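The structure appears below as structure tokens.
Note that the coordinates shown come from a computational prediction; the quantities given were computed from them, not determined experimentally.
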Amino acid sequence: MRSRGKKPVNSLITWRFMLVCSVVLLVFVTLVSRAAYLQVIEPDKARSESNKRTVRVEKLHVQRGMIFDRHGKELAVSVPVVSVYADPKALHKSLRTKVLRQARKNGEDEKALAENTALLEQRISEYYKNDLRWRELADVLRIEPNKINSRLRDDASRRFVYLKRQVTPAVANYIGDLRLPGIHLLDESKRYYPAGEVTAHVLGFTNIDGKGIEGIEKLYESALTGVEGRRTIRKDAQGREVEVLDERERIEPENIQLSIDQRIQAIAYKAVKSAVLTYKATSGSAMVVDVKTGEVLAMVNSPSFNPNNLNDAAPHKRRNRAITDLFEPGSTVKPLAILAGLDYGTIQPDDKIDTYPGWMRLGGSLVSDSRNHGEMTLREILKYSSNMGVTKISQTVPKDYFVGLFQKVGFGTDSGTGMVGESSGLFYPNRRWSDHEIAALSFGYNLAVSTAQMARFYAMLGAGGVNRPLTILKQDSAPEGERIFQQQDVEAVVHMMESVFEDDGTARRIKVDGYRAAGKTGTSKKAAVGGYGDEYVGYFAGLAPASNPRLAVVVLINEPGGDVYYGGATAGPAFAEIISNSLRILNVAPDKGSVAYVKGIDDDA
């Protein structure tokens with residue numbers, strides 16, 4: 001009887017044991033299966049979730065490279081600024097949490113409120129409007145409150161929206177002290193140009209993202225930008241760095257040193273701006289070139305703009321007219337016609353040219369002077385700017401040779417600066433030229449050139465016949481150029497060009513204080529539909545000191561208003577101011593006896 005009563009107990013224990021083992025085995029199989037699934041079938045998801053919690057990427061920012069003038073003076077620098085952006089989704093989440101918390105404190109049913117979407121959104125809007133900090137944010141950013149509200153509240157699914165770019169650090173600190181949910185600050189940099197409108201056309205400017213879009217900023221964009229560094233690390237739960245996963249060094253940007261001399265740039269800009277305002281001209285340009293190296297020491301235009309504030313920077317103000325705008329150069333190319341005769345050997349420096357009776361017909365068209373000068377020396381041809389004189393000379397040399405010289409000196413090609421937007425001019429040498437077209441070419445028509453191309457031509461004269469491309473970058477040594485004319489011929493023509501400053505020359509009222517200057521005036525009518533209109537372009541181009549040229553200066557005044565429009569009157573004073581002051585800045589010794597002094601306290605000024 002006893003043995004029969006024990007059998008049910010043993011079977012119960014065995015059943016329980018088997019049940020526990022089965023459950024343990026099932027749990028173990030489940031865990032192994034889950035582990036195998038995570039590590040073998042879908043390992044990337046696990047890694048991704050782990051990395052989201054532990055891996056951080058630190059960026060090593062780089063500032064944009066600086067731009068200096070030839071003496072190391074800053075022309076373009078990057079200053080630290082802060083941009084303000086919002087996370088509308090985070091803002092909405094924060095507002096929702098605060099509204100529900102307030103409802104709970106007031107004894108309301110928090111869950112019921114959360115389920116009532118319409119009522120909840122109404123409460124959130126009321127809470128947002130009652131918070132005065134949002135009005136303070138709009139005031140400090142100088143944005144209408146309605147615009148701020150629309151960016152923050154219209155679309156709660158957005159994660160990023162700019163409120164304002166490039167605010168000052170003081171404004172950023174104030175916004176940080178407001179402690180607004182969903183509002184963040186981003187460190188950035190802004191380009192600043194200390195010289196403002198004086199160097200605007202040379203340097204150009206950057207957009208709000210720091211990318212160069214005009215001038216030197218665009219030309220050397222890759223060199224000025226650099227590459228940000230990146231450091232990928234793993235942190236533990238306490239935020240301590242435990243592992244460096246990847247590290248890329250940042251590539252520092254280059255600094256650009258220009259050939260521009262800021263002092264000469266300021267002098268040239270002041271002179272051109274004054275001439276444009278005085279003669280009520282449409283625009284004006286000037287360039288100063290070192291004839292020894294081809295370096296551009298100044299390149300200015302008027303009107304200009306402030307690159308630090310582009311609100312008033314209309315497109316016509318932003319154009320670098322010195323390299324883009326083309327005009328027929330008029331009498332400023334007459335020295336080239338005389339050089340052609342000297343180089344080909346059909347005339348000598350002391351020859352005379354008979355211009356009687358002061359006019360002639362070529363191919364049915366008229367070539368004339370303002371009056372009959374009769375026999376003229378080459379010096380007098382330049383002094384009185386005789387169309388007849390240079391026409392007679394051009395007829396003594398073959399057409400192909402004459403036209404080829406214009407191409408050799410750089411007309412019809414880029415000046416060499418490589419600047420963005422530079423025009424190569426309008427000159428087509430490979431065509432049939434009539435006798436009258438050659439004559440017109442000799443006194444500056446049938447071609448259109450930029451101020452930069454004229455500056456290159458006069459730099460060639462100053463260099464004794466050696467043609468060098470212009471450069472906007474500082475040079476350590478003078479580059480080799482191409483000799484086009486014999487030095488003695490060029491020197492003879494340069495000394496002839498001094499005559500324009502004599503009492504009865506075309507620039508008799510222009511005085512270059514302290515220096516002998518060689519120059520040429522030019523006045524050309526502007527082309528219009530069907531011929532030429534009533535607008536003029538005034539040129540003055542020249543060199544100084546004439547005894548040993550150092551600088552070439554070209555000044556252009558476009559469409560002067562009123563009755564005064566000749567190049568000697570409109571562009572001449574600016575030329576004299578620019579070249580005399582520039583030579584003093586460069587410590588070039590005067591080569592003319594009379595020098596004007598301003599009497600100072602110690603009589604030594």
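- With no hydrogens or angles considered, no side-chain donor-acceptor pair links D209 and N207 at under 3.5 Å.
- Other residues, nucleotides and ligands contribute more than 12 heavy atoms inside 6.0 Å of the NZ atom of K399.
- Proximity of I67 to R191: side-chain heavy atoms (C-beta onward) are separated by under 4.5 Å at one or more points.
- S274 contributes no side-chain N or O that, together with a main-chain N or O of A271, makes up a donor-acceptor pair within less than 3.5 Å.
- Here the side chains of N581 and R584 are in contact, with some heavy-atom distance below 4.5 Å.
- Looking at P398 and Y344, their side chains come closer than 4.5 Å, going by heavy atoms from C-beta outward.
- Listed here is the closest heavy atom pair of V272 and A286: CG2-CB, 3.4 Å.
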Could you walk me through whether R151 and I143 pass the side-chain contact (heavy atoms from CB on, under 4.5 Å) test, one step at a time? CA-CA 11 Å; R151 293 180 189 179; I143 301 176; 4.2 Å; yes
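- In this structure, E559 contributes its side chain and S283 its backbone to no donor-acceptor pair below 3.5 Å.
- By the 6.0 Å contact criterion, CG on D563 is open, its count of non-hydrogen atoms from other residues, nucleotides or ligands being 12 or less.
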Would V588 and L551 satisfy side-chain contact (heavy atoms from CB on, under 4.5 Å), going step by step from the backbone distance to the final call? CA-CA 10 Å; V588 177; L551 296 181; over 6 Å; no
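- Checking side-chain atoms of Y532 against main-chain N and O of S524 turns up no donor-acceptor pair under 3.5 Å.
- Here the CG atom belonging to L163 is positioned 13.0 Å from the NZ atom belonging to K147, to the nearest 0.5 angstrom.
- Here I260 contributes atom CD1 and L297 contributes atom CG; the two are 7.0 Å apart, rounded to the nearest 0.5 Å.
- Side-chain contact annotation: S580 with K511, donor-acceptor N/O pair under 3.5 Å absent.
- Closest approach of F575 to L543, counting heavy atoms only: CZ-N, 4.3 Å.
- Within the 4.5 Å cutoff, the side chain of Q265 has no heavy atoms near those of the D69 side chain.
- A distance of 10.0 Å separates NZ in K474 from CG in D261, rounded to the nearest 0.5 Å.
- Using bins of under 30°, 30° to 60° and over 60° for the plane-to-plane angle, the ring pair F305/H201 lands in the perpendicular bin.
- Annotation: R431, atom CZ; neighbour count of heavy atoms from other residues, nucleotides and ligands within 6.0 Å is above 12.
- Counting only heavy atoms from C-beta outward, the side chains of D290 and Q475 never approach each other to under 4.5 Å.
- There is no side-chain donor-acceptor pair under 3.5 Å between S189 and S78.
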Would H71 and Q262 count as a side-chain contact (heavy atoms from CB on, under 4.5 Å) if you check the C-alpha gap in whole Å, the side-chain angles of each, and the deciding distance to 0.1 Å? CA-CA 8 Å; H71 299 296; Q262 176 60 18; over 6 Å; no
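- Side-chain contact between I484 and L339: absent, with no pair of heavy atoms (C-beta onward) separated by less than 4.5 Å.
- Counting only heavy atoms from C-beta outward, the side chains of D312 and N306 never approach each other to under 4.5 Å.
- More than 12 heavy atoms of other residues, nucleotides or ligands lie within 6.0 Å of NZ in K526, so this atom counts as buried by the packing criterion.
- Taking CZ of R318 as the reference point, atom OG1 of T324 lies at 12.5 Å (rounded to 0.5 Å).
- Here the side chains of H316 and R321 are in contact, with some heavy-atom distance below 4.5 Å.
- Side-chain contact check for E295 and S259: no donor-acceptor pair (N or O, by modelled atom type) lies under 3.5 Å.
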Would R319 and E214 count as a salt bridge (charged side-chain N to carboxylate O under 4.0 Å, His left out) if you check the C-alpha gap in whole Å, the side-chain angles of each, and the deciding distance to 0.1 Å? CA-CA 9 Å; R319 191 166 74 245; E214 281 191 22; over 6 Å; no
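- Taking CG of L219 as the reference point, atom CD1 of I472 lies at 9.5 Å (rounded to 0.5 Å).
- Between the side chains of K317 and N301, no donor-acceptor pair is found at a separation under 3.5 Å.
- Not one N or O on the side chain of Y515 forms a donor-acceptor pair closer than 3.5 Å with the backbone of I579.
- A salt bridge links E217 to R64: one of the charged nitrogens lies within less than 4.0 Å of a carboxylate oxygen.
- The backbone N or O of T413 lies less than 3.5 Å from a partner atom in the side chain of Q453, making a donor-acceptor pair.
- Here the closest heavy-atom approach between residue V276 and residue G284 is recorded as CG2-N, 3.6 Å.
- Pairing each heavy atom of A546 with each of D591, the nearest pair is N-OD2, 3.7 Å.
- No side-chain donor-acceptor contact under 3.5 Å links E577 to the backbone of A574.
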Determine, step by step, whether S450 and E422 satisfy the side chain to side chain donor-acceptor pair (under 3.5 Å) criterion, reporting the C-alpha distance in whole Å, the side-chain angles of both residues, the deciding distance to 0.1 Å, and the verdict. CA-CA 9 Å; S450 65; E422 180 173 2; 5.3 Å; no
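- The distance between the ring centers of Y193 and F205 does not fall below 6.0 angstrom.
- Taking CD1 from I148 and CD1 from I183, the interatomic distance works out to 7.5 Å, rounded to the nearest 0.5 Å.
- Side chain of T199 to main chain of V202: no donor-acceptor pair is present (N/O by atom type, distance under 3.5 Å, no hydrogens or angles).
- Taking the salt bridge (Lys or Arg N to Asp or Glu O under 4.0 Å) definition, one finds that K273 meets it with E197, sequence neighbours left out.
- For the residue pair S385/T506, the side-chain donor-acceptor check at 3.5 Å is not satisfied.
- Across every non-hydrogen atom of A452 and L470, the tightest pair is O-CD1, 3.4 Å.
- Here the side chain of N255 pairs a donor or acceptor atom with the backbone of M66 at under 3.5 angstrom.
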Anything under 3.5 Å between a donor and an acceptor, one on a side chain of residues 456-463, the other on a protein residue two or more places apart or in another chain? List them.
unit_1	atom_1	unit_2	atom_2	d
R456	NE	N467	OD1	3.4
R456	NE	R468	O	3.4
R456	NH1	D414	O	3.1
Y458	OH	T332	O	2.6

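- Across all non-hydrogen atoms, the minimal contact from A266 to V198 is CA-CG1, 3.8 Å.
- Without hydrogens or angle criteria, S423 side chain to G425 main chain gives a donor-acceptor distance under 3.5 Å.
- Counting heavy atoms of neighbouring residues, nucleotides and ligands inside a 6.0 Å radius, atom CZ of R509 does not exceed 12 of them.
- More than 12 heavy atoms of other residues, nucleotides or ligands lie within 6.0 Å of NZ in K164, so this atom counts as buried by the packing criterion.
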Verdict with supporting geometry, S442 and F402, side-chain contact (heavy atoms from CB on, under 4.5 Å): CA-CA 9 Å; S442 70; F402 188 74; 3.8 Å; yes
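- No donor-acceptor pair closer than 3.5 Å links the side chain of T417 to the backbone N or O of T471.
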